Amino acid sequence: MLSYALRRLLLLVPVFFAISAIVFLIIHLVPGDPLDSLARIGSSPEQKQAIAARYGLDKPLLEQYFLWLGRLLQGDLGTAIVLRRPVADLVAQSLPYSLALGGLALLFSSVFGILAGLVAAIYKETRIDQGIMAGILFGSTLPSFWLGLLLILIFAVQLGWFPVSGARNWTALVLPVLTIGLGGTALVARVTRTAMLETAQKDFVLLLHAKGLPALRIQLRHVLRHALMPVVTILGLRIGWILGGAVTVEFVFARPGLGTLLIRGLNQHDYPVVQACLLMLAMAVMLGTLIGDLAQAAMDPRVRSALQ
Amino acid sequence: MALLAVRDLSIDIAGIKPLDGIGFAVDKGEILGIVGESGSGKSLTALTVMGLLPLIGGRVARGSIRFDGTELTTLPEPDFRRLRGRRIAFITQNPMTSLDPVMRVGAQIDQVSRLHLGLDAKAAQARSIALMERLRLPSAATVYHHYPHQLSGGMKQRIVIAMALAADPDLIIADEPTTALDVTIQAQIVQLLVELVRDRGVALILITHDMGVVAQACDRVVVLYAGRVAESHGVQAIFAAPRHPYTQALIRCIPRDGMAPGSLAGIPGSVPSVANYPAGCRFHPRCDRAGAPCAATVPPLEHLPSGAEVACHFAETREVANA
Ligand SMILES: Nc1ncnc2c1ncn2[C@@H]1O[C@H](COP(=O)(O)OP(=O)(O)OP(=O)(O)O)[C@@H](O)[C@H]1O
Ligand SMILES: [Mg+2]
């Protein structure tokens, strides 16, 4: 198992290089020249030339990439062009906000999604199941920025329970966490329910009933246990997705974070910032998938021994 | 008074009636065979006696199941649950899929004695390992900690049997316990079950489609066809003088080694599906001796002087014909 984990980690190395290349190149596909935001309006071509030289923008693209990669490997993400601060500092400042938001949203969708799926599966084809599934269908069709605005309107503007925006204290987290978490909850609930109903059809579950075990215990200890394996994989995939989703939500709630930093970088053509943010998000997706796969392997003895 | 007596049992699953008025009885120390081709209703019979019909959305429509003086068809689920695994145990058809793949096999046996006998973890483990040894599982103490996928089919079936025995049941229902196993293992498992019945005096219902297994193991046999009893009698008598044409056909084509399990080459056609049961005698379209009444009237299950119960309009005639 450990060697499998190490192998999977090693496999991430080439993936990392591929991602870094894509992230580096992508910035050159965005319309607009970073030089325009660097140089004052009306700067002479000579002034522009000097600025380009200062930031290494006059070198060939490939050389720029390797210079950037070399610094990246030493943990140097470059200096933000507009903010004139080390990008690493900016990222380090934003990351905790995004991790808190993403982590809580993930926790929220796991707990409530699994719970809703479990209850729906146990009460399958009753009013309870239908009610939960209707809520899930509703929840999964709402785009998160729209849901965010709706929540702000109801709970922040109308009721005044939570702040409209910002990140001053924990109450400011509630609405953004809900905004990101609700969609995930719907997904997790659906996967949990389907996996449980599928598992309940299996021969071994029939035999558990034949052994006289109470139905609820069979559901919780055996059926849910099996259903959690696909759920864990989904949750792993969600990790990256949630951080990505946080981009719009942070923006809607005017929260500091990786997403806000990214959007600001994009608006200002501050490409070192954009590159760093994209890289962080891509790595979150990679690591999330890896964590999901490893957790699933850890839960299934068949997979474990296949990996020996 | 038999330990288990099933009378005139009919079930209903979402409007269809796969079992129609079946009956049989089995006593302690006795092995009752239930035979029939695929689709004749053997597994549903087992499921019904176990009280697990609601799991697949079915219910008992008519008839009675008496177990040791208790009527099971009206027994509330909490009471039934205490019977399941404790007094009536079940061995399923496919050991490959009958164990929880993510739970150690020992723990799966322990569950039964912990639940029904109130044993603590240590006592349950000791009991399970002793049972596994009794069932001739090699290095039982090690296998106890294995997961199902680490075991062979024969070993898994022994684990399932150990689960069935863990709370000392009075009745064991084994639904084709050997179908999924190698031929050599099949005979071992049947032999093991026979031994258990003789040693412990439990009652065993052995479901099979193999008349060879019936001859090897059973005391009495019920032949099912399309959800009805075709014939029921003692094993020696039924092999000596089968009355129902279906029984005769089954005996004619006892599977030999190498034949695909479940295929009965001697009888053309197959069991009709529940939706297409013919009127009259359900076997008549495949019967080489069907006469005028067979397509019109359901033959009642009649007690012959020999002690056999046969549902065939020409049962008596055949007795003469076969003599
Ligand atoms: N859950 C169900 N719902 C509806 N019909 C069913 C269900 N299970 C079985 N049947 C039908 O009832 C009939 C008897 O099925 P059963 O499984 O008892 O047969 P069997 O004798 O055990 O066959 P096999 O040898 O293949 O195990 C078949 O026609 C089958 O299609
Ligand atoms: Mg069957």
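Because the structure is a prediction, the values reported are computed rather than measured. Below, chain A is the first sequence line, B the second, and so on; all start at residue 1.
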**Message:** Applying side chain to side chain contact (heavy atoms under 4.5 Å, CB included), can you list everything that pairs with B:Thr208, at least two apart in sequence or on another chain?
**Reply:**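 Partners of B:Thr208 by the side chain to side chain contact (heavy atoms under 4.5 Å, CB included) criterion, ordered by chain and then number, come out as B:Val35, B:Asp210, B:Val213, B:Val214.
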**Prompt:** Tell me, do B:Leu196 and B:Ile161 make a side-chain contact under 4.5 Å, heavy atoms counted?
**Reply:**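 Yes, close enough: below the 4.5 Å cut-off.
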**Asked** Which distance, rounded to the nearest 0.5 Å, do you find between the CD1 of B:Ile31 and the CG of B:Leu193?
**Response**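 It comes to 7.5 Å.
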**Prompt:** Between A:Ala200, A:Ala210, A:Ala215, which has the largest tally of heavy atom pairs under 4.5 Å with chain B?
**Reply:**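 If we count pairs closer than 4.5 Å to chain B, A:Ala210 comes out on top.
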**Message:** Which one wins on heavy-atom pair count under 4.5 Å against chain A: B:Met163, B:Met50, B:Met96?
**Reply:**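 Among B:Met163, B:Met50, B:Met96, the one with the most close pairs to chain A is B:Met163.
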**Prompt:** Is the shortest heavy-atom distance from the side chain of B:Ile159 to the side chain of B:Pro95 under 4.5 Å?
**Reply:**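 Not in contact.
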**Item:** Heavy-atom side-chain contact between B:Pro138 and B:Val143 under 4.5 Å
**Value:**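 Answer no - side chains too far apart.
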**Message:** Given heavy-atom pairs under 4.5 angstrom as the criterion, report whether the side chain, backbone, both or neither of A:Leu213 touches chain B.
**Reply:**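 For A:Leu213, heavy atoms of backbone and side chain both lie under 4.5 Å from chain B.
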**Asked** By a 4.5 Å heavy-atom criterion (distance strictly below it), what part of B:Leu115 contacts chain A: side chain, backbone, both, or neither?
**Response**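 Contact with chain A is through the side chain of B:Leu115 alone.
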Inter-chain donor/acceptor N,O pairs below 3.5 Å: chain B to chain A:
from	atom 1	to	atom 2	distance (Å)
B:Arg81	NH1	A:Gly212	O	3.1
B:Gly85	N	A:Ala210	O	3.2
B:Thr97	O	A:Phe204	N	3.1
B:Thr97	OG1	A:Asp203	OD2	2.6
B:Asp100	OD1	A:His226	NE2	2.6
B:Asp100	OD2	A:His222	ND1	2.7
B:Gln108	O	A:Lys211	NZ	2.8
B:Gln111	OE1	A:Lys211	NZ	2.8
B:Gln111	NE2	A:His222	NE2	2.9
B:His116	NE2	A:Lys211	O	2.8
B:Tyr147	OH	A:Arg304	NH2	3.4
B:His149	NE2	A:Ser305	OG	2.5

**Toward chain B, the part of A:Met299 with a non-hydrogen atom under 4.5 Å** =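 Contact with chain B: backbone only.
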**Message:** At a 4.5 Å cut-off on heavy atoms, which part of B:Ile173 comes close to chain A: side chain, backbone, both, or neither?
**Reply:**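 Neither the backbone nor the side chain of B:Ile173 comes within 4.5 Å of chain A.
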**Item:** Side-chain heavy atoms of B:Ile22 within contact of B:Phe24, under 4.5 Å
**Value:**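 They are in side-chain contact.
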**Message:** With a sphere of 6.0 Å drawn around CZ of A:Phe108, does it hold more than 12 non-hydrogen atoms of other residues, nucleotides or ligands?
**Reply:**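 Result for CZ/A:Phe108: enclosed.
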**Prompt:** Atom CG of A:Leu206 and atom CG of B:Leu52: how far apart are they, to the nearest 0.5 Å?
**Reply:**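 Answer for the CG-CG pair, A:Leu206 versus B:Leu52, is 5.5 Å.
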**Request:** Would you check if A:Leu101 and A:Val177 make a side-chain contact, meaning some heavy-atom pair closer than 4.5 Å?
**Result:**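 Yes, at least one pair of side-chain atoms sits under 4.5 Å.
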